[in-house]
Protein chains: 2
Amino acid sequence: MSAAATAAAAVKAIADPRRRDILRLVRRREVSAGDIARHFDVSRPAISQHLTVLKNAGLLAERRDGTRRYYRARPEGLQELRSYLDGLWDATLRDLKRVAEAAEESNTRRKRSRAS
Amino acid sequence: MSAAATAAAAVKAIADPRRRDILRLVRRREVSAGDIARHFDVSRPAISQHLTVLKNAGLLAERRDGTRRYYRARPEGLQELRSYLDGLWDATLRDLKRVAEAAEESNTRRKRSRAS
DNA sequence: GGTATATTTAAGCACCGGCTTACGTAAGCC
DNA sequence: GGCTTACGTAAGCCGGTGCTTAAATATACC
């Protein structure tokens, strides 16, 4: 899976509020699937599905111990996501300043050219 | 609308690939709705709906000139989103507690009602 | 006013995604 | 082996959302 595809999956993953809550929950320490589920008002399978999505998006690390599975946030995935999003608008933050500065001027130019 | 709510809307907005494409298209210069639509293989109304979503998420600025509407990326919205995401994995203990407590309460409520 | 252009809004449809219950799987314990 | 615990997977329901075409709105031009 390419980095961009992973990042796109990560964006979709964090678009869901519940998954953001899960991420916050495992940000500092690893937590078992059951313990995670216990914090929410939905069934365990629902949480299990969320965990799968987060894991596939590279945002979660899984460690198995006996019948238990422990999850924790995966900093590399989070950093990847951050870089991807920055790439989306880094040019924006740079270039739009210029655009904004030239806004009035280009505006009047456009009005003139539209007359043709 | 609170900052967090706007940011949450922004995350959902950029979760769609087409909307990310639109954002890239208007990140350097403002572009009219029609010109934006011309870049894609979907109908104009479809693009118009995407533009509305992006605008409501604070990611797009709109300028009207005659019958035309020009759109451009809105750096403030993008910065807000960035900060929000940073805060996601910089979550404080206070945030964790809030999530845990709120969920735990509704969780016990749910379990009680299920037992009947 | 009447027509043309640019765009949004409305209504409906098909697919997607999150949820549920039921079942499957795997490890630990007696 | 048989039971329990901890999870994941399967199948299906249902609301949300992205798309379409048709109609409405708004501005410009004659």
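Note that the coordinates shown come from a computational prediction; the quantities given were computed from them, not determined experimentally. To find a chain, count down the sequence lines: A is the first, B the second, and so on, and within it residues start at 1.
With sequence neighbours left out, B/Arg69 forms a side chain to side chain donor-acceptor pair (under 3.5 Å) with no residue at all.
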request  = For the pair B/Tyr71 and B/Ile47, evaluate side chain to side chain contact (heavy atoms under 4.5 Å, CB included) and give the outcome as yes or no after the intermediate values.
outcome  = CA-CA 12 Å; B/Tyr71 293 93; B/Ile47 296 300; over 6 Å; no
request  = Run the numbers on B/Arg44 and B/Arg38 for side chain to side chain contact (heavy atoms under 4.5 Å, CB included), then give the verdict.
outcome  = CA-CA 8 Å; B/Arg44 254 177 245 216; B/Arg38 220 159 279 125; 4.2 Å; yes
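When the side-chain nitrogen and oxygen atoms of A/Tyr71 are compared with OP1 and OP2 of D/dG8, one or more of them lie within a distance under 4.0 Å. An OP1 or OP2 oxygen of C/dT7 is reached within less than 4.0 angstrom by no side-chain nitrogen or oxygen of B/Tyr70. Side-chain nitrogen and oxygen atoms of A/Arg64 include none within less than 4.0 Å of the OP1 or OP2 phosphate oxygen of D/dC7. Neither OP1 nor OP2 of D/dG16 sits under 4.0 Å from any side-chain N or O of B/Lys12. The side chain of B/Arg19 places an N or O atom within less than 4.0 Å of a non-bridging phosphate oxygen (OP1 or OP2) of D/dG18.
Between B/Lys55 atom NZ and C/dT7 atom P the separation is 13 Å, expressed in whole Å. Atoms CG (B/Asp65) and P (D/dT27) sit 11 Å apart, rounded to a whole Å. Nucleotide C/dA6 holds its C1' atom 12 Å from the CD atom of B/Glu62, rounded to whole Å. B/Ile22 places its CD1 atom 11 Å from the P atom of D/dG18, with the value rounded to the nearest Å. We find that CD1 of B/Ile36 is positioned 9 Å from P of C/dT7, with the value rounded to whole Å. Whole-Å rounding puts the A/Arg68 CZ to D/dT5 P distance at 11 Å. Remark: C1' of D/dA28 and CZ of B/Arg69 are 15 Å apart, rounded to the nearest angstrom. Rounded to whole Å, the distance from CG on A/Asn56 to P on C/dG17 is 13 Å.
Using a 4.5 Å cut-off on side-chain heavy atoms (C-beta onward), A/Leu85 and B/Arg82 make no contact.
Put simply, the side chain of A/Arg74 gets close to the backbone of A/Gly58: a donor and an acceptor are under 3.5 Å apart. Between the side chain of A/Arg20 and the backbone N or O of A/Ile14 there is at least one donor-acceptor pair closer than 3.5 Å.
Using a 4.0 Å cut-off on heavy atoms, the residues of residues 42-52 of chain B that approach DNA chain D are B/Val42, B/Ser43, B/Pro45, B/Ala46, B/Gln49, B/His50, listed by number.
Using N1 to N3 plus N6-O4 or O6-N4 for Watson-Crick, or N1-O2 and O6-N3 for G-U wobble, each under 3.5 Å, C/dT3 pairs with D/dA28.
Listed nucleotides: C/dT5, D/dG8, D/dT5. Nearest to the side chain of A/Thr67: D/dT5.
Between A/Arg18 and A/Asp21 there is no salt bridge, since none of the side-chain N atoms of the basic residue sits less than 4.0 Å from a carboxylate O of the acidic one.
Comparing A/Gly66 and B/Ala33 against DNA chain C, the residue whose closest nucleotide sits nearer the 5' end is B/Ala33.
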